[in-house]
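Below is one structure, written out as structure tokens; comments come after it.
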Number of protein chains: 2
Amino acid sequence: MPLRSRFSPEAGVDIHRCLVCDTRAQSICNAIDDKELAILAQASKRLSLPPGSVVIEEGSPAVAFFNVTAGTVKLFKSLPDGRRQVTGFADVGHFLGLTNSETYSFGAETVDTVRVCRFMRPQLEALLADYPLFERRLLAEVTDELTEAQEQMLLLGRKTARERVASFLLGRMLPQTPRQPETEDRMVSLPMTRVDIADYLGLTIETVSRTISALRREQIITGTDNHGIRILSVSRLQELASGQDNR
Amino acid sequence: MPLRSRFSPEAGVDIHRCLVCDTRAQSICNAIDDKELAILAQASKRLSLPPGSVVIEEGSPAVAFFNVTAGTVKLFKSLPDGRRQVTGFADVGHFLGLTNSETYSFGAETVDTVRVCRFMRPQLEALLADYPLFERRLLAEVTDELTEAQEQMLLLGRKTARERVASFLLGRMLPQTPRQPETEDRMVSLPMTRVDIADYLGLTIETVSRTISALRREQIITGTDNHGIRILSVSRLQELASGQDNR
DNA sequence: AGCTGTCGTTGATTTATATCAACAATAACC
DNA sequence: GGTTATTGTTGATATAAATCAACGACAGCT
């Protein structure tokens with residue numbers, strides 16, 4: 001019986017936790033095989049954080065790297081006067097905290113209850129050096145993030161409020177079960193507040209609220225609950241999101 | 001004497017070209033040693049492109065990867081109705097074209113006369129597999145690009161026109177010769193047109209023009225030539241860029 | 001040197017979204 | 001279970017930047 005994991009959780013998680021980790025398939029941990037996973041397990045520590053916790057303080061020394069295994073974390077950058085830009089939401093399977101700098105150039109806070117695996121930087125660097133597949137996987141993830149960032153720059157620089165909200169809802173659509181035809185009717189995951197949505201879309205909370213209300217009025221979305229919205233016409237919303245809106 | 005390089009340039013560049021390449025120190029090619037450079041040289045092809053050339057067509061198959069050795073390339077994304085967002089400018093030493101997707105999700109065009117080294121995708125993937133240092137270097141570069149993209153999201157989502165232009169000019173400052181104290185007076189490289197600047201900053205050409213004129217009027221910048229601007233007070237511009245503007 | 005087209009500047013007016021303001025709904029707390 | 005704080009909605013008004021419009025400055029070309 002793995003006593004270690006029960007009596008000294010601080011010293012690293014037991015390999016068994018990684019083996020049965022239900023998010024392993026989606027995450028970078030999948031880049032290494034079961035044998036090597038033991039090393040990964042020793043290098044990481046599991047943390048559970050309540051909503052609104054600071055994961056990374058903007059400008060603090062970049063000492064750790066995180067892999068999200070449950071919940072949603074928001075990443076952001078701020079200006080001296082308090083204006084904020086949320087640069088992304090890291091959901092299950094995503095990592096955060098990778099940087100070449102000595103300090104983090106962004107902050108990270110939990111949106112809801114979040115579980116993360118934390119890797120300390122020296123250990124992460126050792127892992128990268130020893131397991132090329134791990135590094136390969138990381139490169140692929142960062143490349144994907146960059147592609148997303150470019151899409152968001154298009155949204156922030158050139159889209160109208162209506163187009164931004166439509167794009168956001170599409171981006172937060174829950175995945176369909178495979179082998180199921182693409183439906184027009186889809187659920188959306190919105191654990192964050194209107195403030196976070198506004199800061200992500202470069203708008204004010206009032207504009208976000210008004211725009212969501214308008215989409216509801218036009219029967220493009222439904223759901224009276226603020227954090228549980230349902231898209232009624234994905235194709236219509238896609239038209240709106242790309243500016244093919246004739247009105 | 002290396003006849004090959006003189007008589008069949010199409011078959012790859014000679015290793016000598018890489019060895020003496022004046023941009024090697026700044027680029028990913030620096031990740032591998034002289035011996036291995038021969039393989040890199042064989043895998044690449046040098047191209048010289050006039051201003052306004054298409055390097056990457058948005059949505060086309062992602063078959064190649066480029067390293068800029070001279071000039072400036074603009075990267076952008078478009079909406080169906082023609083609205084454009086320039087997501088970045090790739091100067092000497094930067095690469096472009098890395099993606100996990102089968103097609104490019106962005107376009108790339110030369111701003112001025114540009115020289116690039118082109119790598120075909122299968123060859124690049126072989127290089128990555130064989131030279132971990134090459135991959136390491138690439139990961140570092142993509143990570144830096146992501147950091148820059150986050151900074152640009154803050155600019156696009158939350159900064160005023162004045163703050164955007166100030167940030168842009170600071171970002172385009174030419175590097176100081178090392179061992180020289182930071183001066184208040186610095187040159188700026190602006191090979192691109194007002195249209196490109198506007199599309200980069202999420203503004204119109206008129207707003208960019210008016211804002212630059214205002215900064216000139218206020219003695220923060222000088223230079224009558226449109227593509228040759230000089231910053232008179234770097235610190236003042238930094239204040240403007242971060243919103244510590246009391247006016 | 002004069003024409004032609006591109007690029008950049010400046011001014012007048014409009015407009016999308018921010019700001020200001022009030023209130024409603026929901027969640028948190030004793 | 002009622003009170004208080006937080007979060008979200010809706011309306012009225014202000015404003016930064018867009019749009020519309022005219023013109024100026026060059027660069028390339030014959």
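Naming convention: chains lettered A, B, ... in sequence-line order (proteins, then strands); numbering from 1 in each chain.
Where the helix from C:dA1-D:dT30 to C:dC30-D:dG1 starts and where it ends, the local axes point in directions that differ by 50°; five pairs per end, rounded to 10°.
The local environment of CD in A:E57 is sparse, with at most 12 non-hydrogen atoms from other residues, nucleotides or ligands closer than 6.0 Å.
Going from atom CZ of B:R83 over to atom P of C:dA16 covers 12 Å, rounded to whole Å. Atom CD1 in A:I229 sits roughly 13 Å away from atom C1' in D:dT9 (whole-Å rounding). Distance NZ (A:K159) to P (D:dA18): 18 Å, rounded to an integer number of Å. Nucleotide D:dT6 holds its C1' atom 14 Å from the CG atom of A:D196, rounded to whole Å.
For B:T113, the side-chain hydrogen bond (donor to acceptor under 3.5 Å, both in side chains) test picks out no residue, with sequence neighbours left out. Take B:T72 and apply the side-chain hydrogen bond (donor to acceptor under 3.5 Å, both in side chains) test, not counting sequence neighbours, and it matches B:D91. Applying the side-chain hydrogen bond (donor to acceptor under 3.5 Å, both in side chains) rule to A:E151 yields the partners B:K77; only residues at least two apart in sequence or on another chain are considered. Judged as a side-chain contact (heavy atoms from CB on, under 4.5 Å), and not counting sequence neighbours, the contacts of B:A64 are B:F66, B:Y104, B:R118, B:M120. For the side-chain contact (heavy atoms from CB on, under 4.5 Å) test, residues two or more places apart in sequence or in another chain that qualify with A:P80 are B:S242, B:Q244. Not a single side-chain hydrogen bond (donor to acceptor under 3.5 Å, both in side chains) links B:D112 to another residue, sequence neighbours left out. With sequence neighbours left out, the side-chain contact (heavy atoms from CB on, under 4.5 Å) criterion links A:L232 to A:D185, A:T222, A:R230.
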Per-pair distances, 0.1 Å, donor-acceptor, side chain in residues 194-204 of chain A, under 3.5 Å, sequence neighbours excluded:
{"unit_1": "A:R194", "atom_1": "NH2", "unit_2": "A:N226", "atom_2": "OD1", "d": "3.2"}
{"unit_1": "A:D196", "atom_1": "OD1", "unit_2": "A:K74", "atom_2": "NZ", "d": "3.0"}
{"unit_1": "A:D196", "atom_1": "OD1", "unit_2": "A:R84", "atom_2": "NH2", "d": "3.2"}
{"unit_1": "A:D196", "atom_1": "OD2", "unit_2": "A:K74", "atom_2": "NZ", "d": "3.3"}
{"unit_1": "A:D199", "atom_1": "OD1", "unit_2": "B:R158", "atom_2": "NH2", "d": "2.9"}
{"unit_1": "A:D199", "atom_1": "OD2", "unit_2": "A:R84", "atom_2": "NE", "d": "3.0"}
{"unit_1": "A:D199", "atom_1": "OD2", "unit_2": "A:R84", "atom_2": "NH2", "d": "2.8"}
{"unit_1": "A:T204", "atom_1": "OG1", "unit_2": "A:T207", "atom_2": "N", "d": "3.3"}
{"unit_1": "A:T204", "atom_1": "OG1", "unit_2": "A:T207", "atom_2": "OG1", "d": "3.1"}

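A heavy atom closer than 4.0 Å to some atom of DNA chain D occurs in A:E206, A:S209, A:R210, A:S213, A:R216, these being the qualifying members of residues 198-217 of chain A.
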Report all interatomic pairs (protein N or O, nucleotide N or O of nucleotides 25-30 of chain C) with separations under 3.5 Å.
none

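Between B:H227 and C:dC7 there is no side-chain polar atom (N or O) within less than 4.0 angstrom of OP1 or OP2.
A donor-acceptor pair shorter than 3.5 Å cannot be found between the side chains of A:E58 and A:S105.
Here ring-ring contact (aromatic ring centres under 6.0 Å, His included) pairs that include residues 203-243 of chain A, with residues two or more places apart or in two chains, number zero.
Where A:R194 and A:R158 each meet DNA chain D at their nearest nucleotide, the meeting point lying more 5' is that of A:R194.
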